[in-house]
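Atoms within each ligand, like the ligands themselves, are counted from 1 in listed order. As the structure is a computational prediction, the values presented were derived from the model and not from experiment.
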Amino acid sequence: MRYEELTIEGRNAVLEAFRSGKTIDRLFVLDGCQDGPVRTIVREAKKHDTIVNFVPKERLDSMSETGHHQGVMAYAAAYEYAEVEDILKIAEEKGEPPFLFLLDGIEDPHNLGAIIRTANLAGAHGVIIPKRRAVGLTATVARTSAGALNYTPVAKVTNMAATIEDLKKRGIWFVCADMGGESMYRLNLTGPIGLVIGNEGEGVSRLVKEKCDMIASIPMKGDIDSLNASVATGVLAYEIVRQRLAKA
Ligand SMILES: C[S@@+](CC[C@H](N)C(=O)[O-])C[C@H]1O[C@@H](n2cnc3c(N)ncnc32)[C@H](O)[C@@H]1O
């Protein structure tokens, strides 16, 4: 495991962090804020022996990375990046064929957070992101994931193409999401699978695309050229879920 500092902002994200057992060092609450959800969070903090600081709005605003603290912020001791092996182990323990998301350079933290949220709810075992030229696990990512980041492991790798090559040897098939591929409705997406999603501007890099076994497209009928990366992830992930359920 590798560690990074993490600021958690927003009521839902902070509450989920407590409930998932994450170690929260300090909780900051807007002075005078006493409504039900905030009282629940403060109760959780006391249960976990977390220091609670009541601070003025200006202090919270100056600490906030996202501007959306909703009167509640927390410092987590660390965020744990998983290893790819940890993700495979989760699939094995659940007795399920691995279902992974590989993000080839997502830069927008809102997209990454939304994708982690989808990964969690679609039953993906983990998310793999590259070390360079991509957003990492920031406070905005944590907040946008709506707590999913506490449950869905995220691994960082140096070389996405090499990771795919390695995982292919272990029986995982890779489907590249791209506008110029085969309709996703005609592909068999039921086996151990890695869904590869491209960068918001450049799409999936040539090297990574070449390593993939299939290229899947979501049919588009409108006038513009592509879906948002997190929307495309959601649509494809749920086609994978549908096919797996239909086969079960
Ligand atoms: C905003 S798109 C990238 C658009 C970029 N201009 C390009 O030409 O690739 C971000 C990613 O979302 C996925 N995506 C978007 N629309 C898609 C579609 N209709 N079918 C499959 N994947 C799609 C792809 O993985 C794509 O790389």
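Per-residue contacts place Glu200 under 4.0 angstrom from the following atoms of ligand 1 (heavy atoms of the residue considered): 1 (C), 3 (C), 4 (C). Less than 4.0 angstrom separates some heavy atom of Ser217 from each of these atoms of ligand 1: 20 (N), 21 (C). For ligand 1, the atoms sitting less than 4.0 Å from at least one non-hydrogen atom of Ile197 are 25 (O), numbered in the order shown with element in parentheses. Within ligand 1, the atoms closer than 4.0 Å to a non-hydrogen atom of Val204 are 27 (O), numbered from 1 in the order shown. Applying the 4.0 Å criterion to heavy atoms of Asn199 picks out, from ligand 1, the atoms 3 (C), 10 (C).
Counting only distance, with no hydrogens or angles, the side chain of Asn120 and the backbone of Arg117 share no donor-acceptor pair below 3.5 Å. Proximity of a side-chain donor or acceptor of Asp178 to a complementary backbone N or O of Gly181 within less than 3.5 Å is not detected.
Salt bridge present: Glu210 and Arg206 bring a charged side-chain N and a carboxylate O closer than 4.0 Å. Electrostatic pairing of Glu44 and Lys47 counts as a salt bridge here, judged by a charged N lying under 4.0 Å from a carboxylate O. Lys89 and Glu85 are not joined by a salt bridge, as no carboxylate oxygen comes within less than 4.0 angstrom of a charged side-chain nitrogen.
Here's the thing with Gly198: one of its N/O atoms is less than 3.5 angstrom from an N/O atom of ligand 1. Remark: ligand 1 and Ala232 share no N or O pair separated by less than 3.5 Å (distance only, no angle test). At least one N/O-N/O distance between Leu227 and ligand 1 falls below 3.5 Å. When only interatomic distances are considered, the shortest N/O to N/O separation between Met220 and ligand 1 does not fall below 3.5 Å. The shortest N or O to N or O distance between Ala216 and ligand 1 is not under 3.5 Å.
Ile218 O, 3.1 Å is the protein heavy atom nearest to atom 19 (N) of ligand 1. Of the protein's non-hydrogen atoms, the one nearest atom 4 (C) of ligand 1 is Ser226 OG, 3.6 Å. For atom 5 (C) of ligand 1, the closest non-hydrogen atom of the protein is Gly201 O, 3.3 Å. Nearest protein neighbour of atom 12 (O) of ligand 1, counting heavy atoms only, is Ala229 CA, 3.6 Å. Nearest to atom 8 (O) of ligand 1 among the protein's heavy atoms is Met179 CE, 3.5 Å. Atom 24 (C) of ligand 1 has Ala177 O, 3.1 Å as its closest protein atom, hydrogens excluded (heavy atom only).
Among Asp178, Ile215, Val231, the residue whose heavy atom lies nearest to atom 22 (N) of ligand 1 is Asp178.
Results of the side chain to side chain contact (heavy atoms under 4.5 Å, CB included) test with Glu65 over Met73, Glu9, Arg143 single out Glu9 as the only residue that passes. None of Asn53, Val55, Val72, Asp31 except one satisfies the side chain to side chain contact (heavy atoms under 4.5 Å, CB included) rule with Leu60; the exception is Val55. When each of Leu88, Ile87, Leu167, Ile193 is paired with Pro98, the side chain to side chain contact (heavy atoms under 4.5 Å, CB included) condition holds for Leu88 and for no other.
For the pair Cys212 and Val196, the tightest heavy-atom approach, listed with the atom from each and the gap, is SG-CG2, 3.9 Å. Here the closest non-hydrogen pair linking Thr190 and Gln243 is CG2-O, 3.6 Å.
By the 6.0 Å contact criterion, CD on Glu96 is enclosed, its count of non-hydrogen atoms from other residues, nucleotides or ligands being greater than 12.
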